[in-house]
Protein chains: 2
Amino acid sequence: MADVTPPVAEPRESDPRAGLSIAEAARRTGVSVHTLRYYERAGLVITGVDRTAGGWRRYHQADLKWITVCTKLRATGMPIRDIRRYAQLVSAGPGNEKERLALMEAHRADVVSKLAELQDCLGLIERKVDIYRERLSAGQADHLWTPERLSAAG
Amino acid sequence: MADVTPPVAEPRESDPRAGLSIAEAARRTGVSVHTLRYYERAGLVITGVDRTAGGWRRYHQADLKWITVCTKLRATGMPIRDIRRYAQLVSAGPGNEKERLALMEAHRADVVSKLAELQDCLGLIERKVDIYRERLSAGQADHLWTPERLSAAG
DNA sequence: CTAAAACCTCGCGCGCGCTTCAGGTCAAGC
DNA sequence: GCTTGACCTGAAGCGCGCGCGAGGTTTTAG
């Protein structure tokens, strides 16, 4: 575990204090390197990612943590521009909690209603699954279906 | 309730058996008339929407029902092309339940994992909401916050 | 020192799901 | 019959969230 060359699959990243390469950061945050650079350009990454003397990005834990917040907001459907707005608020420091709260509460309401809709539609999907299972087992027994086209239900 | 002219907000649609205009169908399915036409062009609407002699669409209950299935699939993130595939299967009639089942089960798995992800991210959002609420009530009392920037958590 | 691999910026491209526009046609009230 | 508004088709346009490629620089392995 000391100086052994790491397998090709997991490249160097030798010194933890030196930070991670963009490729490794991508792996750990679950987005592509393109997306990482895009998020930075788009003003989402307010942690000010380190650079080497030559200009290569070096990611630290705080960066990854914040980027993960961003990806979770994205995953819940928050548009980039809203995440940027939120990032600006956070970056501006204490004193704007009211606006942050409003933003997050609005988004929470959004997510909650999305969840409800998803649950509702999941019901339809599961009914379909059940129907097709029934038809299949019935069909394998006696090949008897009622013609469905008349019902227009699929 | 008999022959009274309906209010402007809800236009004619006098004879129920004659079917509904595209505008009314849009209202009832919750999508725009553009989207209705687009779905038809895209091959989603397998119910064969009626037309007047002049070429205007007339929607019946079966159409609305099927379109609602489509919108629910869309609402759960199924891409148009997959809905089209499903529509083709349904339209082909009985005998392909196996493929329909596979399609729906795959989509169900998708929706379930989406739900889980949404729930997870909702946790983050609610923690943020709580934090900002606390900060606000604490702040209104004594204007004392710990500087957050060091925590990189937002 | 050198070669290969990883990274850089800039900017164009793309897939998706509609939306809008142009230029007409149709339907319904009066 | 005439006007007004809803509707038609076909095609182009758009906003979003990345993906990709060119052309060049930096790192790292050997």
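Remember, it's a predicted structure, so these values are computed and weren't measured experimentally. Hydrogens, waters and symmetry mates play no part in the numbers below; they use all other heavy atoms, side chains included. Chain A is the first sequence line, chain B the second, and so forth, proteins listed ahead of strands; every chain is numbered from 1.
- Without hydrogens or angle criteria, B:T35 side chain to B:V31 main chain gives no donor-acceptor distance under 3.5 Å.
- Panel note: side chain B:R85, backbone B:L89; no donor-acceptor pair is recorded below 3.5 Å.
- Distances shown here put a side-chain N or O of A:R37 below 4.0 Å from the OP1 or OP2 atom of C:dC8.
- One N or O on the side chain of A:E97 and one on the backbone of A:G95 form a donor-acceptor pair closer than 3.5 Å.
- Side-chain atoms of A:D50 do not come within 3.5 Å of backbone N or O of A:R58 as any donor-acceptor pair.
- Annotation: side-chain contact (heavy atoms from CB on, under 4.5 Å) contacts of B:R81 (sequence neighbours excluded): B:P79, B:R84.
- Between the side chain of A:K114 and the backbone N or O of A:T76, at least one donor-acceptor pair lies under 3.5 Å.
- Atom CG of A:D50 is separated from atom C1' of D:dT26 by 17 Å (rounded to the nearest Å).
- In terms of phosphate contacts, A:S21 brings a side-chain nitrogen or oxygen within less than 4.0 Å of OP1 or OP2 of C:dC7.
- At whole-Å resolution of the value, CZ in A:R58 and C1' in D:dT26 are 12 Å apart.
- The CG atom of B:L36 sits 12 Å away from the P atom of D:dT9 (whole-angstrom rounding).
- A donor-acceptor pair under 3.5 Å is formed between the side chain of B:T52 and the backbone N or O of B:G54.
- Taking a 4.0 Å limit (strictly below) on heavy-atom distances, residues 114-122 of chain A does not reach DNA chain D anywhere.
- Taking atom CG on B:L20 and atom C1' on D:dA6, their separation rounds to 15 Å, with Å as the unit.
- Note on B:R57: a side-chain N or O is less than 4.0 Å away from OP1 or OP2 of D:dC8.
- Distance, A:W56 CH2 to C:dA5 P: 13 Å, rounded to whole Å.
- Protein atom CD1 of B:I22 is 10 Å distant from nucleotide atom C1' of D:dA6, rounded to whole Å.
- One can place CZ of B:R51 at 13 Å from P of C:dC26, the figure rounded to the nearest angstrom.
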* Structure fact -> 5' to 3', nucleotides 13-23 of chain C under a 4.0 Å protein heavy-atom cut-off (B base, S sugar-phosphate only, - none) gives ---SBBSB---

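- Checking side-chain atoms of A:W66 against main-chain N and O of A:A87 turns up no donor-acceptor pair under 3.5 Å.
- The same ILVMFWY cluster, assembled from side-chain heavy atoms under 4.5 Å apart, contains both A:I83 and A:L64.
- Between the CZ atom of B:R27 and the C1' atom of D:dA6 there is a distance of 16 Å, rounded to whole Å.
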